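Read through the structure below, which is laid out as structure tokens, and then see the notes.
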Amino acid sequence: MAEVGEIIEGCRLPVLRRNQDNEDEWPLAEILSVKDISGRKLFYVHYIDFNKRLDEWVTHERLDLKKIQFPKKEAKTPTKNGLPGSRPGSPEREVRKTLDLSLQPASTQASGKTLPIPVQITLRFNLPKEREAIPGGEPDQPLSSSSCLQPNHRSTKRKVEVVSPATPVPSETAPASVFPQNGSARRAVAAQPGRKRKSNCLGTDEDSQDSSDGIPSAPRMTGSLVSDRSHDDIVTRMKNIECIELGRHRLKPWYFSPYPQELTTLPVLYLCEFCLKYGRSLKCLQRHLTKCDLRHPPGNEIYRKGTISFFEIDGRKNKSYSQNLCLLAKCFLDHKTLYYDTDPFLFYVMTEYDCKGFHIVGYFSKEKESTEDYNVACILTLPPYQRRGYGKLLIEFSYELSKVEGKTGTPEKPLSDLGLLSYRSYWSQTILEILMGLKSDSGERPQITINEISEITSIKKEDVISTLQYLNLINYYKGQYILTLSEDIVDGHERAMLKRLLRIDSKCLHFTPKDWSKRGKW
């Protein structure tokens, strides 16, 4: 059995922790840092296959030293300058190499058989001549189809027929192959370099986006705030702020945020909840409050209903507030890089009003000009307000702005784990609400197309298709593609909508979109 003094950074061993059921468990963890306080050693651990927000400092009593794994030393490879090109690596790098190898195209392993291509259906009505490229396949493989919604009175399921006479389907291709359940067929998509911006901080991208909703497991890194893996180091992998006091709430950060170094040693970091400026002590905060005149975020209030308000903040005009907001948000977002250059962004802050002022609940940011049709760059609901419907309200508001702008939008990828769940839920409820609200005219079958759904909701067509696949609504039956709404899906949707009390009222929105391409440098 190893001694406590032998534990170094990169070691892996089981660590005692309490799970959600308040039961003891011993998950495997990696030692990221070691420090000595008053002669007592503390170890900063990252639980393997767990989110980084669970990382913590532990004492040696919680370590299982009998099963310790020491880091492997890699052979030094000379470079052009004669310097070593590698460093001792932790077992995690071995795992990542294995994962990279496993993402090779499946066709290279096939033995003479042509594998079915996952097809994303385009539903159409009376448009048999139009051709759509098959997403996920080759660009020269078209798919032409037409569709209509057909309720089946002899069954407990509703069906949408998709007739595709122009596209032959091999008889040996099973429906499950063409439309894998939960999108289990994945393709590796090469990352593309995003727009270059100067960054004064470092970010990591540990959260991997689940591709079970049809979104690629390796999304294109073209978002303006997507983090750069080249900046991943031991400093940014560790939380540096112990606690944040924001108004009447105390928040425990989940991730690293580049606040000034001298503030990272404080037990509590105090923030003004109106201008988000930070102070070293409660006395500093109290002195600041006597001078701070703000009782709401700077910018224009563009929405108010009840106690909920939204403020539009220009990152160029209100740079100090925008930077402070980014610093706070980085404590709870790990998958995006923070930029002090906030000029190209707009920030939409949601607040809750009481007699003391407008208190920040959450926010989302978006680029003033996006070439990728992104309507959200970063989105966050602060922890005290999570699981109360505010996340969906932020998402719904972002699409309401897209409707006013006359565009379809999509969030930047990759989404965090919580963001992915929220968007999946919103897309599913919004699309099901439309499908279930269709009514037949004069006894004829109700009709709708993918493009119509996209225009009504401002949800990008690719997100509509991936949501239908995630819900497993698309099936192949007797040479036709159909959408099937089972009783379970209908009942589940109705129950979910009863719980969704917070909705955006478009009548309360006072928003005029601007053409930023004609406004010089914003």
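Everything numeric here is computed off the predicted structure, so don't read it as measured data.
Listed by chain and number, the residues in a ring pair (Phe, Tyr, Trp, His ring centres under 6.0 Å) with Tyr423 are Trp427 (sequence neighbours excluded). Every residue two or more places apart in sequence or in another chain that forms a ring pair (Phe, Tyr, Trp, His ring centres under 6.0 Å) with Phe364 is listed here: Tyr348. In terms of the side chain to side chain contact (heavy atoms under 4.5 Å, CB included) criterion, residue partners of Leu294 (sequence neighbours excluded) are, by chain and number, Phe274, Cys275, Cys292, Pro298. Checked against side chain to side chain contact (heavy atoms under 4.5 Å, CB included), Leu263 has the following partners two or more places apart in sequence or in another chain: Pro260, Leu266, Leu269, Tyr278, Arg280.
A donor-acceptor pair under 3.5 Å is absent between the side-chain atoms of Ser454 and the main chain of Ile450, judged by distance alone. Counting only distance, with no hydrogens or angles, the side chain of Tyr303 and the backbone of Asp505 share a donor-acceptor pair below 3.5 Å. Without hydrogens or angle criteria, Thr381 side chain to Gly362 main chain gives no donor-acceptor distance under 3.5 Å. One N or O on the side chain of Lys413 and one on the backbone of Pro411 form a donor-acceptor pair closer than 3.5 Å. At distances below 3.5 Å, at least one donor-acceptor pair connects side-chain atoms of Ser365 with backbone N or O atoms of Cys378. Side chain of Lys368 to backbone of Asp343: a donor-acceptor contact under 3.5 angstrom is found. No donor-acceptor distance shorter than 3.5 angstrom exists from the side chain of Asn375 to the backbone of Thr408, with no hydrogens or angles considered.
Within the structure, the salt bridge (Lys or Arg N to Asp or Glu O under 4.0 Å) test picks out the following pairs touching residues 240-249 (sequence neighbours left out): Glu242-Lys252, Glu245-Arg250, Arg248-Asp354. Sorted by first and then second residue, the salt bridge (Lys or Arg N to Asp or Glu O under 4.0 Å) pairs with a member in residues 382-405 read Lys366-Glu405, Glu396-Arg500, Glu396-Arg503, Glu400-Lys403; sequence neighbours excluded.
The distance from the CE atom of Met350 to the CD1 atom of Ile308 is 6.0 Å, given to the nearest 0.5 Å. To the nearest 0.5 angstrom, Ile448 atom CD1 is 4.5 Å from Ile456 atom CD1. Note that CG of Leu393 and CG of Leu502 are 5.5 Å apart. Values are rounded to the nearest 0.5 Å.
Closest approach of Ser402 to Ser458, counting heavy atoms only: C-OG, 3.8 Å. Between Gly409 and Asp463, the shortest heavy-atom contact is O-OD2, 4.2 Å. Contact between Leu42 and Trp57 at its shortest, heavy atoms only, is O-CZ3, 3.6 Å. The nearest pair of heavy atoms linking Arg237 to Tyr44 is O-CE2, 4.1 Å. Nearest heavy atoms, Val349 versus Leu325: CG2-CD2, 4.0 Å. When all heavy atoms of Gly10 and Glu30 are compared, the pair lying nearest together is CA-OE2, 3.9 Å.
In this structure, the side chains of Ile313 and Tyr363 stay at 4.5 Å or more apart for every pair of heavy atoms. Looking at heavy atoms from C-beta onward, Arg424 lies in side-chain contact with Leu420 at the 4.5 angstrom threshold. No side-chain heavy atom of Gln429 sits less than 4.5 Å from a side-chain heavy atom of Leu432. Between Pro344 and Trp516 there is no side-chain heavy-atom pair separated by less than 4.5 Å.
Taking the six-membered ring where tryptophan is involved, the planes of Phe311 and His296 are essentially parallel, since the angle between them stays under 30° and well short of 60°.
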side-chain contact (heavy atoms from CB on, under 4.5 Å) between Phe397 and Leu509: does it pass, once the steps are laid out?
CA-CA 9 Å; Phe397 189 78; Leu509 176 63; 3.7 Å; yes

Does Glu412 form a side-chain contact (heavy atoms from CB on, under 4.5 Å) with Val376? I'd like the steps, not just the answer.
CA-CA 6 Å; Glu412 284 189 4; Val376 166; over 6 Å; no

Applying side-chain contact (heavy atoms from CB on, under 4.5 Å) to Tyr353 and Arg304, what does each step give before you reach the verdict?
CA-CA 10 Å; Tyr353 175 77; Arg304 181 189 292 185; over 6 Å; no

Pair Glu462, Thr410 - check side-chain contact (heavy atoms from CB on, under 4.5 Å), show working.
CA-CA 9 Å; Glu462 288 78 5; Thr410 187; over 6 Å; no

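Taking 4.0 Å as the cut-off between side-chain N and carboxylate O, Arg53 and Asp334 do not count as a salt-bridged pair.
The distance between the ring centers of Tyr426 and Tyr399 falls below 6.0 angstrom.
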